[in-house]
Amino acid sequence: MLDLDISEFFDEDGPLATAMPGYKPRPSQVELSQAIGDAIQDRATLVAEAGTGIGKTWAYLVPAFIQGGKVLISTGTRTLQDQLAAATMSATITWNVCRATSAR
């Protein structure tokens with residue numbers, strides 16, 4: 001586990017902002033990510049729905065990466081599934097940059 005609270009990854013000067021130029025913090029994204037982190041930690045089931053522009057990909061990836069857990073994401077379409085797969089590959093690379101940044 002990393003030494004940062006989930007919300008710190010989403011700060012204006014946090015690891016995501018450092019690794020992704022133009023990143024803007026979104027309170028709904030942090031709230032969703034914290035709920036997901038709690039569910040992973042409690043080994044609970046969470047059903048969450050969020051609208052366009054919330055930042056769902058990072059909202060579930062940050063706590064999954066921090067906790068070293070697995071997540072199951074259900075999508076409504078194959079197109080969205082493909083987008084998430086591509087985003088996850090990109091996110092994994094960015095995550096390694098975030099880890100290196102937060103370790104300093």
Side-chain angles (χ1 to χ4, degrees):
M1 246 198 253
L2 297 175
D3 242 3
L4 293 176
D5 178 64
I6 285 176
S7 63
E8 293 178 83
F9 279 91
F10 297 97
D11 284 347
E12 261 184 43
D13 59 348
L16 289 177
T18 302
M20 298 186 309
Y23 172 81
K24 299 275 189 253
R26 293 169 259 185
S28 329
Q29 183 182 41
V30 176
E31 186 179 338
L32 177 60
S33 190
Q34 288 172 326
I36 292 167
D38 290 344
I40 292 172
Q41 186 172 4
D42 297 342
R43 300 183 63 77
T45 300
L46 173 70
V47 177
E49 185 175 6
T52 302
I54 294 297
K56 293 177 286 293
T57 300
W58 279 109
Y60 63 75
L61 286 177
V62 166
F65 285 151
I66 288 173
Q67 307 252 352
K70 295 179 183 180
V71 293
L72 172 66
I73 310 303
S74 177
T75 64
T77 66
R78 176 62 193 252
T79 302
L80 183 53
Q81 182 180 344
D82 292 343
Q83 288 173 352
L84 288 173
T88 302
M89 291 300 292
S90 173
T92 302
I93 294 165
T94 304
W95 178 254
N96 289 324
V97 172
C98 289
R99 283 182 31 191
T101 302
S102 66
R104 293 182 190 160

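With sequence neighbours excluded, the residues that form a side chain to side chain contact (heavy atoms under 4.5 Å, CB included) with Thr77 are Thr79, Leu80. With sequence neighbours left out, Arg43 forms a salt bridge (charged side-chain N to carboxylate O under 4.0 Å, His left out) with no residue at all. Residues satisfying the side chain to side chain contact (heavy atoms under 4.5 Å, CB included) test with Asp11, not counting sequence neighbours, are Glu8, Asp13. Listed by chain and residue number, Arg78 satisfy the side chain to side chain donor-acceptor pair (under 3.5 Å) test with Asp82 (two or more places apart in sequence, or in another chain).
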Do any side-chain atoms of residues 29-36 form donor-acceptor pairs under 3.5 angstrom with protein atoms, and if so which ones, sequence neighbours left out?
from  : atom 1 : to    : atom 2 : distance (Å)
Gln29 : OE1    : Tyr23 : OH     : 2.9
Gln29 : NE2    : Gly55 : O      : 2.9
Ser33 : OG     : Ala59 : O      : 3.0

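When all heavy atoms of Glu12 and Ala17 are compared, the closest pair comes out as O-CB, 3.0 Å.
Considering CG of Leu61 and CD1 of Ile66, their distance stands at 11.0 Å, rounded to 0.5 Å.
Counting heavy atoms from C-beta on, the side chains of Trp58 and Phe9 never come closer than 4.5 Å.
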(request) Dump the intermediate steps for side chain to side chain contact (heavy atoms under 4.5 Å, CB included) on Leu46 and Ile40, then the final yes or no. (result) CA-CA 9 Å; Leu46 173 70; Ile40 292 172; over 6 Å; no
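With hydrogens and angles ignored, the 3.5 Å screen pairs a side-chain donor or acceptor of Arg26 with a backbone N or O of Gly53.
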